[in-house]
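Read the structure below first, then the notes.
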Protein chains: 2
Amino acid sequence: MERIDIPKKAIYRLSIYHRCLQRLVEHGEETVSSSALAKVAGVKPAQLRKDLAYFGQFGTRGLGYPVAALASMIRDVLGREHLQPVVLVGAGNLGSALLRYPGFQKEGFEVIAAFDADPEAALARGVEVPVFPESELERHIVEREVRMAILCVPARVAQAVANRAVAAGVTGILNFSPVRLELPEDVMVNNVDLALELEHLSFFVR
Amino acid sequence: MERIDIPKKAIYRLSIYHRCLQRLVEHGEETVSSSALAKVAGVKPAQLRKDLAYFGQFGTRGLGYPVAALASMIRDVLGREHLQPVVLVGAGNLGSALLRYPGFQKEGFEVIAAFDADPEAALARGVEVPVFPESELERHIVEREVRMAILCVPARVAQAVANRAVAAGVTGILNFSPVRLELPEDVMVNNVDLALELEHLSFFVR
DNA sequence: AAGTGTGAAAAGTTTCACAGCG
DNA sequence: CGCTGTGAAACTTTTCACACTT
């Protein structure tokens, strides 16, 4: 696999660049220079050029990068040319807020189903995505060939739910539970620990 | 300031260690070795020891670290020995979910007030924290000497709200808006971009 | 014997600076 | 001339390995 020596952080930044490019497309821009794009993305021009260069040569010297084509190549690299189905487990407080969060849909992900121990309660929160009992998790993952799951379950059941999702075919987990999941290393886990982020801030605040 | 050459990531990990230590305290453990703690925190033992060593010598050779004392020193380093007041701006979909999120309280932060353009609507969502009109933001920040703010406002107003909060005295922002905030560099901004995290996953999923 | 603290090596990432292309 | 693409330098972070303490 050639992407073995691409810095992980560069992948993150690719998503940022993509979002900036989308805005440029909307504004009808045709080309953009590395310095202009770097400015709005909040990075240095050289870093932007290096990041893009990992994936090929897209710019024209003396001119810049073609906005639309660059956006398309990033979508391609990130595996987002096509809609990715996603499931969400744990439609409680945070989970149901995420189900109503427009950002996922807007960036091209479709949350096709949610699962909860108590689907009725979740539905009562005004969620539009269908909510199923947790027991049906595996069936939906297999049937729709789902690769990504969002986990918003309580800490004590997180590991068990993750194991089940992975056994059914999930290889990427966005984990909101404050727990370090132990999973096969070919499963990508992305932890978003809200309390941790706040703690981190408090070190710098004084 | 001596903490100039402490890796930023080490600060993040300190929070993780702290959470693991809390669990050990609950289980009545008195001491823990670097390898045991590293295991549950998901890092290598040498890294754990190095991280802790940035702040002093806390372990006993041949024995390990005293659980309670180590937890206390981390709280001290992170500025969390005392309760930190926090405000939240934008009590919409995501914001009101965060107001009901137990994790912040549990980790020792007190969200003392929330602000929204439409406080009535926010209150209707069953939030317990008092919700005020956005115009009162500055007054509360000044009166309670608030240093940290959680931002959940729509992208287009994020910069303006951030400017106001900073002008009133905030120096740390946990930003959920998908926008790169431009602020004085003594202000610490911690971006949590949910759609971005999902995008990042999709690169590794295939 | 068990386990910390730490220099030094290795690995990973960012920045520089400039050659080279359009 | 302007701006990309990129090797090499600088910097940051992680890992190793072992001296040293209890």
Side-chain angles (χ1 to χ4, degrees), chain A residues 1-17 20-21 24 29-67 69-71 73-74 77 180 185 200 203-204, chain B residues 1-17 20-21 24 29-67 69-71 73-74 77 180 185 200 203-204:
Chain A
M1 200 192 284
E2 9 96 343
R3 63 174 186 258
I4 210 72
D5 44 6
I6 295 172
K8 290 194 189 112
K9 290 188 170 181
I11 306 297
Y12 259 104
R13 288 189 298 262
L14 237 41
S15 301
I16 300 175
Y17 304 152
C20 297
L21 286 164
L24 292 174
E29 305 287 333
E30 306 244 307
T31 58
V32 65
S33 69
S34 65
S35 49
L37 184 52
K39 183 90 171 281
V40 296
V43 301
K44 298 242 162 97
Q47 180 160 70
L48 169 59
R49 294 201 298 275
K50 185 139 271 202
D51 285 346
L52 298 180
Y54 287 120
F55 303 96
Q57 305 195 170
F58 304 97
T60 308
R61 294 172 195 226
L63 228 174
Y65 297 91
V67 172
L70 188 57
M73 102 75 181
I74 292 180
V77 166
R180 277 15 231 179
E185 65 177 52
H200 185 235
F203 175 78
F204 297 95
Chain B
M1 198 191 284
E2 8 95 343
R3 65 172 185 259
I4 209 73
D5 44 5
I6 295 172
K8 287 190 191 122
K9 289 190 171 180
I11 306 298
Y12 257 105
R13 288 188 300 260
L14 237 42
S15 301
I16 299 175
Y17 304 152
C20 298
L21 287 164
L24 291 174
E29 304 288 332
E30 307 244 307
T31 57
V32 66
S33 69
S34 63
S35 48
L37 185 52
K39 182 89 171 281
V40 296
V43 303
K44 298 242 161 100
Q47 180 159 70
L48 169 59
R49 293 200 300 274
K50 184 139 271 200
D51 286 347
L52 298 179
Y54 288 121
F55 302 96
Q57 304 194 171
F58 305 97
T60 308
R61 295 174 193 224
L63 229 174
Y65 297 91
V67 172
L70 188 57
M73 103 73 183
I74 293 179
V77 165
R180 276 16 228 180
E185 65 176 54
H200 185 234
F203 174 78
F204 296 95

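So you know, we letter chains A, B, ... as the sequences are listed, proteins then strands, and number each from 1. None of these values were measured; they are calculated from a predicted model. No hydrogens, no waters, no symmetry mates; every other heavy atom, side chains included, goes into these values.
Of the two residues near DNA chain C, A/R13 and B/A53, the one whose nearest nucleotide lies more 5' is B/A53.
Atom P of nucleotide C/dT4 and atom CG of B/L37 are separated by 10 Å, given to the nearest angstrom. Put simply, CG on B/D51 is 17 Å from P on D/dT12, counting in whole angstrom units. Atom NZ of A/K9 is separated from atom P of D/dC11 by 17 Å (rounded to the nearest Å). The CD1 atom of B/I6 sits 11 Å away from the P atom of D/dT13 (whole-angstrom rounding). With rounding to whole Å, A/Y65 atom OH is found 14 Å from C/dG22 atom P. Taking atom CG on B/L48 and atom C1' on C/dG3, their separation rounds to 12 Å, with Å as the unit. One interatomic measurement links the two molecules: CG of A/D5 to C1' of D/dG7, which rounds to 15 Å at whole-angstrom precision. Rounded to whole angstrom, the span from the NZ atom of B/K8 across to the C1' atom of D/dC11 amounts to 12 Å.
Summarising the geometry, atom CG belonging to A/L52 is positioned 7.0 Å from atom CG belonging to A/L14; distances are rounded to the nearest 0.5 Å. A/F204 contributes atom CZ, which lies 5.5 Å from atom CD1 of B/I11 (distance to the nearest 0.5 angstrom).
Of all heavy-atom pairs spanning B/K8 and A/H200, the tightest one is O-NE2, 4.0 Å. Among all heavy-atom pairs drawn from B/C20 and B/L37, the shortest one is CB-CD1, 3.7 Å. When all heavy atoms are compared, the tightest approach of A/F58 to A/P66 is O-CD, 3.2 Å. Between A/D5 and A/Y54, the shortest heavy-atom distance links the atoms O-CE2, 4.4 Å.
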| query | With the sugar-phosphate defined as primed atoms, P, OP1 and OP2, and the base as all remaining atoms, what B/S/- string results for nucleotides 15-22 of chain D, 5' to 3', for protein heavy atoms under 4.0 Å? | reply | BBB--BBB
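OP1 or OP2 of D/dT13 has not a single side-chain nitrogen or oxygen of B/Y54 nearer than 4.0 Å.
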